[in-house]
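One structure is given here, and the rest of the page talks about it.
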Amino acid sequence: AGDNFRISTCQNGIIVMSQKCRKRTTYIICGLFFLMGGIEYAVILPTLWLYLKNDFHAHPYFLGLVLSAFSFAALLFSPVIGRCADVFRRPKHLLILCTLWEVAGNCMYFMGISKWFLLGSRLVSGLGAGGEALILAEVGRVTSEESRTGIISTLVSMRQLGLIFGPGFNFFLRLSDFYIGPFLVDKFSAPGAFMACMWTLQCFLLIFFYTDLHILYRSNQDEIITTAENNHSEKNALERNKSSRQLTLQVLYDDYIREEIVVLIALQFNSYFNQVALETMATPLSEKLLHWGEIENSIMYCLAGIEVVFVFMLVRFFSKRLEDRVMLLFGCAVLTVANCWLLYVVPNTSPETPKKNVTFFALGIILDMIALPFLVVCSISLFSKLTRKESQGLSQGIRRSVVGISCILAPLWAGSTIDEPYLMFGVMIGLLVMALMMLTLSFKKLKTLKGATEIQEENQKAQLKVQQEEEERQPLLS
């Protein structure tokens, strides 16, 4: 077993990693991609408004434009890069491209030439966000159904870790006061310079240590490969490549306009809409009902992040014991209860009793954080299992676009109805009840044909081995 992790040195001095070590290194780099995304969000968000207000005298509405720019770019670009991954099968090159977009966007952010330049910087960074959908597509393409949910849970939890530890970087970034050429790096622009360096490091890791997952998993197959197997594999590869290139409206309709797919897409939209809306309203509500300031809100977000990471670990544990659709039903039910509780608490609490309000408000947040990992991880995993492997890139890109739409609309809805809690939570509960009904009615169709593809591939391999053995029994001179 120790040989699996051994790193041997060749005679010419080139370091060669074992197969298992390469796979672990690749997954670590994938996790770091998600971690960087979480850190970027947590580092830039706290100072973005002050950056716009103090340096460029921007109006409050412009903050919403800048925040939405990232999701808008990801919405448009994710299906494109996913489709490129399906057709060209060069995910490593596409991931490097996404990382370079992130580097360019963060460099533009710290330059801060104007408020419109900042808007453009978040648009450029949003192009790089398609890398997350690309990684999830590759995981869905190569992993078994039994292990997929746990792997996705680990990757998505890395982003949450970034959201937890990201604000800590601002403690030393706020001390920045120097120039890079003609550009001032201060407490407002330092997050951009810092993330540009971090994404540059990620780019080097991708170039030198990342190996495409489909290559690693293909290398794990039997070492004895006959000529017949080679011909069979080449034929299948050509057929898959041909099918991935032919994208018509009929193919899109057959693949995605299905009851179970529509249910999962709707569930993804409603889950993220509720989550982002809650994040938008949490700070003003805590200030109004609990009289909290920046420190208290930071502690609240930190504790919520720790809870989410713990629940992600639970999802990974239960993924080997429960079906995805069962965990989805649980998560949707808990999120509905959380919103019903907040619908009761927010309008009926008085700002004059902040200590009493803490318990009620915290219970709603805790229930929401319990539901989030179950909904996010299991919907991604089940979506990948119900769509074709050959089009995982496009499928995850479409899913990411739906998430982008919800992330754009949710802050607009929560911000405009913050003073009307019955309307705000009523619509959110209505969406969740609708999703819960759809999930219940389509529950039978959300069951995957467990291992059907893998069984088929194993049967084909067994037939090839039998054919090989029969050929070996035949005499050379007949």
Side-chain angles (χ1 to χ4, degrees), residues 37-38 41 45 63-65 67-76 78-79 126 129 132-133 136 156 159-160 163 256 261-285 301 304 308 311 327-343 346 364-365 367-380 382-383 396-440 442:
Y41 183 85
L45 185 63
L63 173 63
L65 291 178
L67 290 174
S68 299
F70 184 91
S71 296
F72 182 74
L75 180 157
L76 295 178
S78 293
E132 294 184 1
L136 293 174
V156 178
R159 179 177 175 83
Q160 196 62 40
L163 294 173
Y256 303 112
I261 299 300
V262 173
V263 168
L264 289 176
I265 289 292
L267 189 62
Q268 282 268 310
F269 178 87
N270 292 340
S271 302
Y272 277 93
F273 184 88
N274 275 264
Q275 178 60 29
V276 176
L278 181 64
E279 291 177 358
T280 303
M281 71 180 78
T283 301
L285 286 180
Y301 280 112
V308 168
V311 179
M327 292 190 286
L328 274 176
L329 192 62
F330 170 77
C332 191
V334 172
L335 187 58
T336 304
V337 171
N339 279 269
C340 290
W341 175 256
L342 290 173
L343 176 64
V346 173
I365 299 296
L367 289 174
D368 182 86
M369 293 299 106
I370 289 175
L372 178 65
F374 284 93
L375 289 170
V376 172
V377 173
C378 297
S379 59
I380 294 174
L382 189 55
F383 187 75
Q396 291 297 333
I398 293 174
R399 183 200 63 80
R400 182 64 180 81
S401 294
V402 173
V403 172
I405 294 174
S406 66
C407 291
I408 293 173
L409 296 179
L412 299 176
W413 173 255
S416 60
T417 58
I418 190 69
D419 295 324
E420 300 290 340
Y422 285 111
L423 176 62
M424 177 174 62
F425 286 108
V427 169
M428 293 164 61
I429 292 172
L431 289 173
L432 285 172
V433 171
M434 180 187 70
L436 194 58
M437 290 178 61
M438 294 172 66
L439 188 61
T440 304
S442 304

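Smallest separation of non-hydrogen atoms from G37 and E132: CA-OE2, 4.3 Å. Contact detail for G404 and L75: the closest heavy-atom pair is C-CD1, 4.1 Å. Between G426 and L343, the shortest heavy-atom contact is N-CD1, 4.4 Å. Considering all non-hydrogen atoms of both residues, P421 and V346 come closest at CB-CG1, 3.9 Å. Minimum interatomic distance between V334 and L367 (heavy atoms only, all atoms of both residues): CG1-O, 3.4 Å. The minimum heavy-atom distance between G331 and A371, with the atom names listed, is O-CB, 3.2 Å.
Atom CD of residue E279 and atom CG of residue L163 lie 7.5 Å apart, to the nearest 0.5 angstrom. Atom CG of residue L285 and atom CD1 of residue I418 lie 4.0 Å apart, to the nearest 0.5 angstrom. Note that CE of M434 and CG of L432 are 9.0 Å apart. Values are rounded to the nearest 0.5 Å. Residue L267 holds its CG atom at 11.0 Å from OH of Y272, rounded to the nearest 0.5 Å. To the nearest 0.5 Å, atoms CG (L372) and CG (N274) are separated by 10.5 Å. Expressed to the nearest 0.5 Å, how far CG of L264 lies from OG of S442 amounts to 9.0 Å.
Using a 4.5 Å cut-off on side-chain heavy atoms (C-beta onward), Q268 and I265 make no contact. Between C332 and L375, the closest side-chain pair of non-hydrogen atoms falls below 4.5 Å. Contact of the V276 side chain with the L409 side chain is not registered, since no non-hydrogen atoms from C-beta on lie closer than 4.5 Å.
Here the side chain of S416 pairs a donor or acceptor atom with the backbone of W413 at under 3.5 angstrom. N339 contributes no side-chain N or O that, together with a main-chain N or O of I429, makes up a donor-acceptor pair within less than 3.5 Å. Between the side chain of S406 and the main chain of V403, a donor-acceptor pair closer than 3.5 Å is present.
Heavy-atom contacts from other residues, nucleotides or ligands closer than 6.0 Å to OH of Y256 number more than 12.
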Run the numbers on R399 and I380 for side chain to side chain contact (heavy atoms under 4.5 Å, CB included), then give the verdict. CA-CA 8 Å; R399 183 200 63 80; I380 294 174; 3.7 Å; yes
Kindly indicate, with the supporting measurements, whether the criterion side chain to side chain contact (heavy atoms under 4.5 Å, CB included) is fulfilled by M437 and T440. CA-CA 5 Å; M437 290 178 61; T440 304; 5.7 Å; no
Would R400 and Q396 count as a side chain to side chain contact (heavy atoms under 4.5 Å, CB included) if you check the C-alpha gap in whole Å, the side-chain angles of each, and the deciding distance to 0.1 Å? CA-CA 6 Å; R400 182 64 180 81; Q396 291 297 333; over 6 Å; no
Please lay out, stage by stage, how L342 and L278 fare under the test side chain to side chain contact (heavy atoms under 4.5 Å, CB included). CA-CA 10 Å; L342 290 173; L278 181 64; 3.9 Å; yes
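Relative orientation of the F374 and F330 rings is perpendicular, given thresholds of 30° and 60° on the angle between their planes.
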